[in-house]
Amino acid sequence: MTVNTSLVNTVDLVLARKKIRREKRRLFFSTLGQNKAAVVGGIIILFYISLTFLAPILAPYDPYAINLQDKLQFPSWTHWMGTDDKGRDILSRILYGSRLSLGVGFSSVFFGAFFGIILGLVAGYYGKWVDTIISRSLDVMLAFPGILLALAIISALGPSLINVTIAVGVFSIPLFARIVRGSTMEIKQLEYIDAIRTLGANDFTIIFRHIFPNILSPIIVQGSLRLATAILSAAGLSFLGLGAQPPSPEWGAMLSSGRDFLFSAPYMAIFPGLMISVLVLGFNLFGDGLRDALDPRMKK
Amino acid sequence: MSKDLIEKKPLLQVIDLKQYFVLKKEAMFQTKQVVKAVDGINFDLYPGETLSIVGESGCGKSTTGRSILRLDEPTEGDVLFKGQSLPKMSKRELRNVRGNIQVIFQDPYASLNPRRTIRQMLDEAMAIQKVLPPNKREARMLELMQHVGLRPEYLERYPHEFSGGQRQRIGIARALAVNPEIIICDEAVSALDVSIRAQILNLLKKLQKEFDLTFLFISHDLSVVRHISDRVMVMYLGKVVEISDKSSLFDKPLHPYTKALLSAIPVTDQTKRGERIILKGDVPSPLSPPVGCRFHTRCPFATDLCRQKEPVLVELEKNHSVACHFAKELSS
């Protein structure tokens with residue numbers, strides 16, 4: 001092969017590679033796009049994420065500014081969602097609160113997924129007694145009701161938003177570990193894993209470079225569905241007073257303070273509640289759509 | 001070819017290899033059930049030859065290949081590669097010699113990682129075994145693609161974009177990438193169409209000559225075995241029943257099981273058609289193999305001796321060994 005043709009080849013090769021990547025991406029998005037529910041879910045999620053960035057621009061008032069003269073005002077043109085019992089603008093608080101709620105959701109799922117994936121990969125790949133120890137411990141964790149486990153962790157660490165994140169994250173570990181373990185065992189016995197072992201690859205390479213990329217789809221799906229639950233649990237814990245503390249505009253905490261005024265000022269509870277419900281709905285719709293797009297076997 | 005094999009030193013020696021699998025107990029007080037997939041086999045593999053292992057499914061031929069590669073840890077026995085014992089090596093030592101023995105699998109759809117391009121696969125193979133420095137791998141990859149008959153631009157593609165035959169070529173290229181001495185072909189052409197099967201077989205033969213390869217060819221298909229082998233080993237229920245030069249085995253099989261196998265090959269020439277030997281019954285379960293000769297339950301010539309005493313592998317003619325009490329009588 002002369003230098004000239006090999007150069008031409010290399011250019012062709014790079015172009016071919018780019019084209020293939022584009023094609024794959026197009027296919028994924030078109031499958032996802034055909035699912036209307038998933039599109040709605042995606043739009044909802046994007047809307048919420050944009051709120052977290054745009055909060056300082058969109059918020060008409062300071063979310064913490066107490067103005068007792070304007071307290072408990074009904075929604076109006078000056079206060080679109082009304083004001084709470086301390087005269088703070090509910091819309092501004094909700095906008096800033098989106099950062100807390102989404103932040104807790106994402107970080108707890110990330111926390112749970114990180115440890116869950118490692119445990120699942122190790123248990124599934126090594127099997128035998130390693131698997132027995134890991135799986136049984138996870139079963140013990142799953143046997144606790146989620147909220148109870150979270151309460152135990154928070155009572156040990158003290159109430160705060162970070163501890164809520166840890167508590168919800170810990171509870172997500174076994175869910176991820178289980179899915180990863182099952183998929184790992186399935187992939188492990190395929191011939192291409194034997195082939196790479198025969199080439200002399202070490203366990204680390206096999207697990208992270210060859211098994212992990214092939215089990216990503218179920219992890220992503222589980223992650224997006226888990227986000228909904230995580231946000232809901234975090235809000236729930238804050239509602240119980242275990243998470244975000246009063247001045248903080250976390251939606252669960254706002255809901256909790258609105259509880260006392262349900263009859264006189266229902267808008268104090270309605271708006272944060274609505275925000276949580278719609279966000280959870282968005283993640284659920286999107287997660288289901290993702291599952292269909294990524295995993296054709298789950299299609300009905 | 002086989003005459004000078006005797007003087008050569010074997011490249012791979014399999015000594016009394018046993019591979020047992022313990023089944024999971026279903027009830028608490030059940031006795032342990034052991035599948036004796038490979039039960040004490042011996043053979044040598046000489047440099048440059050193609051030794052085929054044939055037998056029905058479940059006879060332990062694929063397990064033999066996997067035990068040699070230590071994909072399953074052998075229960076007992078030894079495998080010597082150039083005098084070094086593979087089962088006794090530490091994992092690290094083993095990784096270093098793995099490049100010498102490669103494998104081509106049966107299922108072209110399961111043997112390639114769907115998330116990796118051909119380039120990534122070949123590059124990784126060379127990187128793991130440190131065959132070449134990164135800047136020289138590109139040229140080597142293009143060369144490999146040429147050797148296995150694939151276009152160089154296919155390097156960027158993913159496995160799902162190829163047909164079965166092309167995938168098998170990729171599998172071959174991946175095995176060749178690390179400059180192996182031995183390639184174990186585990187039913188390597190069984191999943192392919194007849195026309196493509198011939199192409200891949202011819203490719204293997206061509207590569208064998210070019211790279212001085214030694215093949216351990218595992219197959220249930222006797223016409224394929226006849227096409228590619230120098231020597232043939234017949235297995236039945238985890239044991240070797242006959243091992244011989246190809247011509248000697250096909251012309252004058254000594255074991256009744258081999259005779260039955262050979263009579264099952266379809267022939268086009270009606271005048272050459274021999275008597276079809278049809279075996280009765282199924283292969284007995286490897287959980288409880290028959291006592292004595294393992295073939296006695298299905299052998300038309302079985303006697304009391306066969307039911308009691310297990311025959312050993314005896315070299316009856318030059319380079320032709322058989323494990324049957326009555327091989328001599330039956331052959332005359």
Side-chain angles (χ1 to χ4, degrees), chain A residues 1-25 27-28 126-128 131-132 183 186-217 219 294-297, chain B residues 65-66 69-72 91-92 94-117 119-121 124-131 138-139 141-143 145-146 151-161 171 174-175 177-178 180 183-184 186:
Chain A
M1 195 163 283
T2 62
V3 183
N4 223 339
T5 54
S6 74
L7 196 75
V8 173
N9 270 333
T10 321
V11 174
D12 280 350
L13 293 181
V14 173
L15 285 175
R17 195 186 323 190
K18 278 192 176 152
K19 204 176 135 202
I20 288 159
R21 296 249 165 89
R22 243 192 340 258
E23 186 59 23
K24 264 188 97 174
R25 214 174 306 147
L27 196 77
F28 168 75
Y126 289 103
K128 293 182 186 154
D131 180 30
T132 311
S183 312
E186 190 188 322
I187 301 287
K188 180 179 81 163
Q189 41 90 25
L190 291 177
E191 285 178 345
Y192 65 81
I193 300 299
D194 282 339
I196 197 77
R197 270 174 73 193
T198 318
L199 282 167
N202 56 31
D203 290 352
F204 188 84
T205 312
I206 296 173
I207 292 175
F208 288 99
R209 224 193 275 164
H210 293 270
I211 295 179
F212 182 60
N214 284 296
I215 58 168
L216 266 181
S217 313
I219 295 175
L294 286 173
D295 190 359
R297 279 170 303 176
Chain B
R66 292 181 63 87
L69 291 163
R70 266 181 78 179
L71 288 173
D72 296 319
K91 275 194 166 181
R92 185 182 297 265
L94 183 69
R95 279 206 287 273
N96 292 331
V97 295
R98 272 199 187 280
N100 294 309
I101 310 176
Q102 283 301 299
V103 61
I104 302 168
F105 288 106
Q106 169 173 16
D107 184 352
Y109 290 87
S111 57
L112 304 174
N113 186 340
R115 302 252 169 189
R116 293 179 83 73
T117 62
R119 169 188 297 279
Q120 287 173 319
M121 285 180 207
E124 181 172 36
M126 289 190 264
I128 290 171
Q129 285 295 329
K130 304 184 185 72
V131 189
E138 176 74 29
M141 279 192 262
L142 294 173
E143 203 181 291
M145 294 297 271
Q146 214 170 25
R151 286 164 45 189
E153 58 264 36
Y154 288 174
L155 272 179
E156 312 309 325
R157 297 204 181 170
Y158 288 90
H160 69 89
E161 299 171 68
R174 176 177 58 191
V178 293
I183 295 186
I184 297 180
D186 187 357

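So you know, we letter chains A, B, ... as the sequences are listed, proteins then strands, and number each from 1. Small disclaimer: the values here were computed from a predicted structure and weren't measured.
Contact check for B/Leu69 versus A/Arg197: no side-chain heavy atoms found under the 4.5 Å cut-off. Looking at heavy atoms from C-beta onward, A/Ile196 lies in side-chain contact with B/Ile128 at the 4.5 angstrom threshold. Side-chain contact between A/Leu199 and B/Arg174 is present, with at least one heavy-atom pair separated by less than 4.5 Å. Under the 4.5 Å side-chain criterion, counting only non-hydrogen atoms from C-beta, A/Arg209 is not in contact with B/Gln120. Looking only at side-chain heavy atoms (C-beta outward), A/Glu191 and B/Asp186 stay at 4.5 Å or farther from each other.
In this structure, no portion of B/Leu94 lies under 4.5 Å from any heavy atom of chain A. Residue B/Glu143: no heavy atom, backbone or side chain, is found under 4.5 Å from chain A. With a threshold of 4.5 angstrom between heavy atoms, B/Leu71 approaches chain A through its backbone and through its side chain.
Nearest heavy atom pair, residue A/Tyr192 against residue B/Leu112, reads CD2-O, 3.4 Å. Scanning both residues, B/Arg115 and A/Pro213, for their nearest heavy atoms gives NE-O, 3.4 Å. Smallest separation of non-hydrogen atoms from A/Thr198 and B/Gln102: O-NE2, 3.1 Å. The heavy-atom pair separating A/Ala195 from B/Ser111 by the smallest distance is CB-O, 4.4 Å.
Across B/Lys91, B/Gln129, B/Arg116, B/Arg70, the residue that shares the most heavy-atom pairs under 4.5 angstrom with chain A is B/Arg116.
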